Amino acid sequence: MEKLEITRNAQTDQFSVVLSRGNDTIRCMVTVEAGRANSNEDKRRAALSKAKALAKALDSAIEDT
């Protein structure tokens with residue numbers, strides 16, 4: 001079961017993203033460029049997209065070792 005937590009850092013464009021699957025957890029801070037997203041929901045989606053891309057890259061790197 002996957003668990004996802006996204007928290008916005010006050011009123012900045014930085015988000016804390018925590019992706020958990022079983023005992024594996026990836027935590028990262030993601031910054032969304034001001035011009036890329038206007039609404040809070042757009043910024044949240046952009047942060048999640050970046051975090052998922054990072055998680056996929058980390059997963060691939062772990063499999064390659």
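Remember, predicted model here, so these are calculated numbers, not experimental data.
Inspection of the T25 and S20 side chains reveals an N or O donor paired with an N or O acceptor under 3.5 Å.
Rounding to the nearest 0.5 Å places CZ of R45 at 6.5 Å from OG of S39.
For T31 against K50, the heavy-atom pair with the smallest separation is O-NZ, 2.6 Å.
By the side chain to side chain contact (heavy atoms under 4.5 Å, CB included) test, L4 pairs with I6, V17, L19, L48, sequence neighbours left out.
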